[in-house]
Visitor: 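The structure's right below; bear with me while I get my questions together.
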Amino acid sequence: ILVAIALGLGLATLVARMISAPLVEGARVLKLVAAGDLTPTLELRTRDEIGQLAASLNEAVSSMRTALTEVRQSAVQTTASSNELTSAAQ
């Protein structure tokens with residue numbers, strides 16, 4: 001019976017680590033994103049709910065990165081147009 005209890009505790013610990021490790025990694029990536037770093041991705045290859053969460057997080061960060069790139073490009077174009085108008089007005 002002691003062997004069964006020890007085996008049960010070992011299995012429970014393994015399952016807990018399988019669940020908590022990806023969540024800890026996800027929290028780490030989200031902290032980086034919250035600090036303004038849009039380069040990290042969450043590398044999880046599981047098909048369970050945690051893997052789906054990781055894929056969604058990666059998609060969200062990628063969408064933010066794309067949106068910011070487009071805003072940056074628009075700002076550069078607006079600056080160039082403004083400079084042209086200023087030159088033409090002088």
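Quick note: residue numbers are just sequence positions, from 1.
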Visitor: Within the supplied structure, the quantity of interest is the number of heavy atoms (other residues, nucleotides, ligands) at a distance under 6.0 Å from Met18 CE; does it exceed 12?
Guide: no

Visitor: Is it true that, when you exclude Glu49 itself, more than 12 heavy atoms of the residues, nucleotides or ligands shown sit nearer than 6.0 Å to its CD?
Guide: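 Open.
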
Visitor: Give the intermediate values and the outcome of side chain to side chain contact (heavy atoms under 4.5 Å, CB included) for residues Asp37 and Val33.
Guide: CA-CA 5 Å; Asp37 183 0; Val33 171; over 6 Å; no

Visitor: For Pro40 and Val61, which heavy atoms make the closest approach, and how far apart are they?
Guide: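 For Pro40 versus Val61, the nearest heavy atoms are O-CG1, 4.1 Å.
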
Visitor: Verify the cluster assignment for Leu23 and Leu57: are they in a single hydrophobic cluster under the rule of side-chain heavy atoms below 4.5 Å apart?
Guide: yes

Visitor: With respect to Arg28, which candidate in Val24, Leu30, Leu32 satisfies the side-chain contact (heavy atoms from CB on, under 4.5 Å) definition?
Guide: Leu32

Visitor: For Asn58, does its backbone N or O pair with a side-chain atom of Ser62 as donor and acceptor, under 3.5 Å?
Guide: no

Visitor: Same cluster or not: are Ile50 and Val15 linked, directly or through other Ile, Leu, Val, Met, Phe, Trp or Tyr residues, by side-chain heavy atoms under 4.5 angstrom apart?
Guide: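 In one cluster with Ile50: Val15, yes.
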
Visitor: Taking only residues two or more places apart in sequence, or in another chain, which ones meet Thr46 in a side chain to side chain donor-acceptor pair (under 3.5 Å)?
Guide: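 Partners of Thr46 by the side chain to side chain donor-acceptor pair (under 3.5 Å) criterion, ordered by chain and then number, come out as Asp48.
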
Visitor: Would you say Leu53 and Met64 are hydrophobically clustered, going by side-chain heavy atoms of ILVMFWY under 4.5 Å?
Guide: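 In one cluster: no.
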
Visitor: Whether the side chain of Ser82 engages the backbone of Thr78 through a donor-acceptor N/O pair (distance < 3.5 Å, no angle test) should be reported.
Guide: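 Side chain of Ser82 to backbone of Thr78, a donor-acceptor pair under 3.5 Å: no, none is there.
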
Visitor: I need the minimum non-hydrogen distance between Gln52 and Arg47, along with the two atoms involved.
Guide: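 For Gln52 and Arg47, the tightest heavy-atom pair comes out as NE2-O, 3.8 Å.
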
Visitor: Evaluate side chain to side chain contact (heavy atoms under 4.5 Å, CB included) for Glu70 paired with Thr66, printing each intermediate quantity in order.
Guide: CA-CA 6 Å; Glu70 291 172 1; Thr66 299; 3.6 Å; yes

Visitor: I'd like to know whether Val29 forms a side chain to side chain contact (heavy atoms under 4.5 Å, CB included) with Thr41, so could you lay out the CA-CA distance, the side-chain angles of the two residues, the decisive distance to 0.1 Å, and finally the verdict.
Guide: CA-CA 7 Å; Val29 169; Thr41 56; over 6 Å; no

Visitor: Got a sec, which hydrophobics cluster with Val76, joining ILVMFWY side chains under 4.5 Å apart, including via others?
Guide: none

Visitor: Tell me, yes or no, whether the heavy-atom count around Arg17 atom CZ, taken from other residues, nucleotides or ligands under 6.0 Å, exceeds 12.
Guide: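 Check fails, neighbour count at 12 or below.
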
Visitor: Apply side chain to side chain contact (heavy atoms under 4.5 Å, CB included) to Glu25 and Leu42, showing your working.
Guide: CA-CA 7 Å; Glu25 180 63 12; Leu42 194 51; 3.2 Å; yes

